[in-house]
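Throughout, protein chains are lettered first and strands after them, A, B, ... in sequence-line order, and every chain is numbered starting at 1. Because only heavy atoms are used, hydrogens play no part in the values below, and waters and symmetry mates are left out as well, while side chains stay in. Please read all numbers here as calculations on a predicted model, not as lab measurements.
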Amino acid sequence: MAKYNFTATEKKWRAKWEAHPIQKNVAGKPKYYCLDMFPYPSGTALHMGHWRGYVLSDVLGRYKILQGYHVLRPMGWDAFGLPAENNAIKRKMHPSISTGENIVSMKRQLNEMSTIYDWDYELDTTDPAYYKWTQWIFARMFEKGLAYEKEMPLNWCPSCKVVRANEEVIGGECERCGETTTKKNLRQWMLRITHYAERLLSDLDGLNWPDKVKRMQSEWIGKSHGAEIDFTVADTHQTIKAFTTRPDTLFGATFMILAPEHELVEVLTTDEQKSAVEAYVKQSSTLSNVDRMAAKEKTGVFTGRYAINPMTGRADMPIWVADYVLADYGTGAIMCVPGHDERDFEFATKFGLPITEVIALDGKVSDMPLKEAYTGDGLLVNSGEYNGMNVTNAKTAITAEIEKKKCGKQAVNYKIRDWVFSRQRYWGEPIPIIHCETCGPVIVPDKDLPVALPEIESYEPTETGESPLAKITDWVNTICPTCGKPAKRETNTMPQWAGSSWYFLRYPDIHNDNALASPEALKTWLPVDYYIGGIEHAVLHLLYARFYTKFLYDIGVVEFEEPFTTLFNIGMVNYQGKKMAKGTGHGVSPDDLMPNYGCDAMRIYEMFLAPPDQDCEWDDSGIDGAFRFLNKVWRLVEESPIIPTTQELERLRHKLIHHITTRINTLAMNTAISGFMEYTNHLQALAKTQGGIDQATLETLAILLSPFAPHIAEEIWEHAGHKETVFAQSWPEYDEEKLKSDTVEIALQVNGKLRGSLALPVNADKDTALALAKQQLASHLNDVEIVKSIYVPAKIVNFVVK
RNA sequence: GCCCGAAUGGCGGAACUGGUAGACGCCCGGGACUUAAAAUCCCGUGCCCUUCGGGGCGUACCGGUUCGAUUCCGGUUUCGGGCACCA
């Protein structure tokens, strides 16, 4: 009796799979595109957090092969971007070298996991042959007016003199030098994702995605109905546009607030208030949106001006500047109704601004002052001719009056904003634009794509806020493709998102030089059937990929509008209370565990650890359980004589097929594994009493186990007398009839408390069940009156007594 | 702050549609085998009380609906993810 030698077994099968890949006989099979979110090689190694997703999708992929699909399992590298560049700077290497090294080590790790990735389809977003098409898509967007230039405020470190990403600004301070950061306006390339807001929202309905992800995206797009109202500023020719979802409360609008970045702040502020306002604007520029929204106490300053309430005609609305109003949501200005908005109420209370009640539940004015904002339903008060009208009707009526007065209109507002698409960094796709003094920004002609990222001495950010590319004059100076005059290249690069928003289209046809993928390849493989990746990508990556797909649909490149039919989001793996992350080197490397436990045990444990969609805490110690389980399986297989099939073995076998199949279908892998363990325990006992196990049990076990622990599964399959791979088999089916048993144990309760149990025929009628239950519970039913008797077949009997 | 989630023994978790809470595994304790150890096997393991028959409590907290709630509803707390230049 030899102990299961995982090292030798895993080596043996990995070599066999390498020589004869398990997916050979694919002709005529239906396709299944099972895709992982690709990693960004910004660190040298994968941690167990990555394993979680890749093992999960590998199990699904192998399962689909056994179900008879031709499965596409590609893998690639999202290798551009800030983290990769910072990793390179840290290691004093060129980013192409450091990411290249990282890719080599990650690929080794993926192979050691015995994943079925097909490296014939490997893709790298930094490969010019790939980013040629990233640039090509940008060119099409530019032509359609979806890419445009705009001045945007960016985080600026006055000490380092570089643009800082939000990630690099911690609590208003530069991560590198600790200096308080400010904002600097720089020209940026933007993508008009807002044009797709409505479609991005409504098409969520048809997706087989987790509800919570759909909800997050829908909240992110943030559609709301209301009115856009123009408020005239007294003693000026200016008007302030404000979007509100509550036009019904217009009579209660007692002041207005502009975001500190609002263009009218400078124009409107009176001389007396000038210094105070300027100081406030400067101070708020050091804060991020998150810091501003999370501030404990509201801050703000008066501009010295008043706006006219269009309903009352009175110039009694002081105009303030406050940073809880964001420049990029709505119009960057709000009308404030402190009586019926919590934040406005807080602000008005703090600064002594008037509060007017205009909605009351019963239509009766409350005693002033109000203790809090009332945000509920009700009837209008203090609202002139609208008094007594309900909120819903008032919204329509007051909007209609504003429209009549030509000082506003009904409006739909989206929270989603256009996408800032340029970075002042080296390590990204050059934006294929040439700036010509005569022609303006001109797109690089397709024949000149890709615009290759030039080699460069120093790729660290520059002191002018420009990309390091700006320093390479040879590269920057070029000729306008339209008029032939001297012109300059765009020096900003694209964000990492650019490459990851369409890569799933490229995989089936990665070597195509004439199109991003051939129509045939796209038709054969797309859309993606199952997409698996971290929950942290619930909004941005998935929204951007949907946007790109819709755009490519509109220009006729693809024939579908949604890229990912089914989505599964893996929960985070934490370690010592914190998220495992490559960037910080915080995590557990599979390399440390592999020599002691082997690949199968690690795959099993990773799946057993927790429900895949939930966050979990990594703990090495549990891996022993997975290791023992596999050894137990092997002993059972090796030591048990083969006997003819028995009814018990048959029932147990079908139960296992049923359990594993239903669990795999919902990716409930943790309970699939616990099902295997339970089965093995039963089988062990049964093998003892019956003197062995049957051939069918052996074979079924090998096939069912193969997606999870492929090496030992092959070994069992071989032990069962077979020469070809277990992955050439078909997934077994279960027989409903064989799952049924005749009797069932039901619970007996008195007043909902458990008082016993009873074995009953499954189809026992109520009278029989109650009679038997009464007998059983005689001691509990002695001196009481039974008020009600409940019998739920195969579940429970409950007596309600007095 | 806003949006999205989560909370069950010493620990990870199970409980499928409202029906016997704690499957499975880890840890821990006891036993078998062994010169010994490892490995393996068997038994025990939510808390409290017990006359050892059993009884009480228990799924973050407070309340509600129900014969019956980990599951549904209202409120609260704590923790995690996202918040647009990390991806």
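Considering only residues two or more places apart in sequence or on other chains, D344(A) meets the salt bridge (Lys or Arg N to Asp or Glu O under 4.0 Å) condition with none of them. Remark: K223(A) pairs with E198(A) by the salt bridge (Lys or Arg N to Asp or Glu O under 4.0 Å) rule, at least two apart or across chains. Judged as a salt bridge (Lys or Arg N to Asp or Glu O under 4.0 Å), and not counting sequence neighbours, R755(A) has no contacts. Qualifying side-chain contact (heavy atoms from CB on, under 4.5 Å) partners for A322(A), counting only residues two or more places apart in sequence or in other chains: I257(A), Y280(A), Y324(A), F347(A). Applying the side chain to side chain donor-acceptor pair (under 3.5 Å) criterion to W77(A), with sequence neighbours excluded, gives E122(A). Among residues two or more places apart in sequence or in another chain, the side chain to side chain donor-acceptor pair (under 3.5 Å) test is passed with H541(A) by Y531(A). Contacts of K350(A) classified as salt bridge (Lys or Arg N to Asp or Glu O under 4.0 Å), with partners at least two apart in sequence or in another chain: E297(A). Under the side chain to side chain donor-acceptor pair (under 3.5 Å) criterion, Y679(A) pairs with no residue at all, not counting sequence neighbours.
Residue contacts shown for V420(A) include a base, since a base heavy atom lies under 4.0 Å away. Counting non-hydrogen atoms under 4.0 angstrom, P495(A) reaches nothing in the nucleic acid. Within 4.0 Å (heavy atoms only), Q614(A) reaches no atom of the nucleic acid at all. In this structure, S789(A) reaches neither bases nor backbone, as no heavy-atom distance under 4.0 Å exists between it and the strands shown. Across all strands shown, L609(A) has heavy atoms under 4.0 Å from sugar-phosphate atoms exclusively, and none from any base. Nucleic acid contact for R628(A): sugar-phosphate only, since backbone atoms but no base atoms lie under 4.0 Å from a heavy atom of the residue. Residue N86(A) is classed as having no contact, given no heavy-atom separation below 4.0 Å to the nucleic acid.
Counting only Watson-Crick or G-U wobble pairs whose defining distances are both under 3.5 Å, the stems of 3 or more consecutive pairs in RNA chain B are B:1-7 with B:77-83, B:10-12 with B:24-26, B:28-32 with B:40-44, B:46-49 with B:54-57, B:60-64 with B:72-76.
We find that CD of E346(A) is positioned 10 Å from C1' of G1(B), with the value rounded to whole Å. Protein atom CG of D613(A) is 13 Å distant from nucleotide atom C1' of G13(B), rounded to whole Å. In this structure, D619(A) places its CG atom 12 Å from P of C28(B), rounding to the nearest Å. Protein atom CE of M494(A) is 15 Å distant from nucleotide atom P of C85(B), rounded to whole Å. In this structure, CZ of R417(A) is placed 8 Å from P of C85(B), rounded to the nearest angstrom. To the nearest angstrom, C1' of C16(B) lies 17 Å from CD1 of I664(A). In this structure, the CG atom of N569(A) is 16 Å from the P atom of C4(B), given to the nearest Å. One interatomic measurement links the two molecules: CG of D624(A) to C1' of U40(B), which rounds to 15 Å at whole-angstrom precision.
The phosphate of A14(B) (OP1 or OP2) has no side-chain N or O of R663(A) nearer than 4.0 angstrom. Between R423(A) and the phosphate of C86(B), there is no side-chain N or O to OP1/OP2 separation shorter than 4.0 Å. Residue K753(A) places at least one side-chain N or O closer than 4.0 Å to OP1 or OP2 of C57(B). For C86(B), the OP1/OP2 oxygens have no side-chain nitrogen or oxygen of R164(A) closer than 4.0 Å.
W618(A) has its ring centre less than 6.0 Å from the ring centre of Y605(A).
Classification of G54(B) as anti follows from a glycosidic angle more than 90° from 0. Syn is the glycosidic conformation of G53(B), whose angle stays within 90° of 0.
The aromatic rings of F547(A) and Y196(A) stand perpendicular to each other, their planes meeting at an angle above 60°, with 30° marking the opposite boundary.
Atom C1' of G74(B) sits at a distance of 11 Å from the matching atom of U65(B), rounded to the whole Å. U45(B) and A23(B) have their C1' atoms separated by 15 Å, with the value rounded to a whole Å. C85(B) and C4(B): their C1' atoms are spaced 23 Å apart (whole Å). Using atom C1' as the reference point in both G10(B) and C47(B), the two lie 12 Å apart (nearest Å).
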### Summary
Per-nt protein contacts along nucleotides 18-23 of chain B (heavy atom under 4.0 Å; B base, S backbone sugar-phosphate only, - none) come out as -BB--B
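Looking at the side chain of R755(A), the nearest of the listed nucleotides G55(B), C85(B), G81(B) is G55(B). For R635(A), the listed nucleotide lying nearest its side chain is C41(B); candidates were A84(B), C67(B), C41(B). Distance from the side chain of N681(A) is smallest to C24(B) among G13(B), C85(B), C24(B).
Sorted by residue number, the members of residues 187-194 of chain A with any non-hydrogen atom under 4.0 Å from RNA chain B read Q188(A).
When the nearest nucleotides of RNA chain B are assigned to I673(A) and K415(A) by heavy-atom distance, the more 5′-ward of the two goes with I673(A). The residue among E219(A) and Q684(A) whose nearest nucleotide of RNA chain B lies closer to the 5′ end is E219(A).
Side chains of W502(A) and T134(A): a donor-acceptor N/O pair is present below 3.5 angstrom, by distance only. In this model, no donor atom of one side chain and acceptor atom of the other lie less than 3.5 Å apart for T181(A) and N155(A). Under 3.5 Å, the side chains of Q684(A) and E639(A) contain no donor-acceptor pair of N or O atoms.
The list of side chain to side chain donor-acceptor pair (under 3.5 Å) pairs with a residue in residues 621-630 of chain A, not counting sequence neighbours, reads Y597(A)-D624(A), D619(A)-S621(A).
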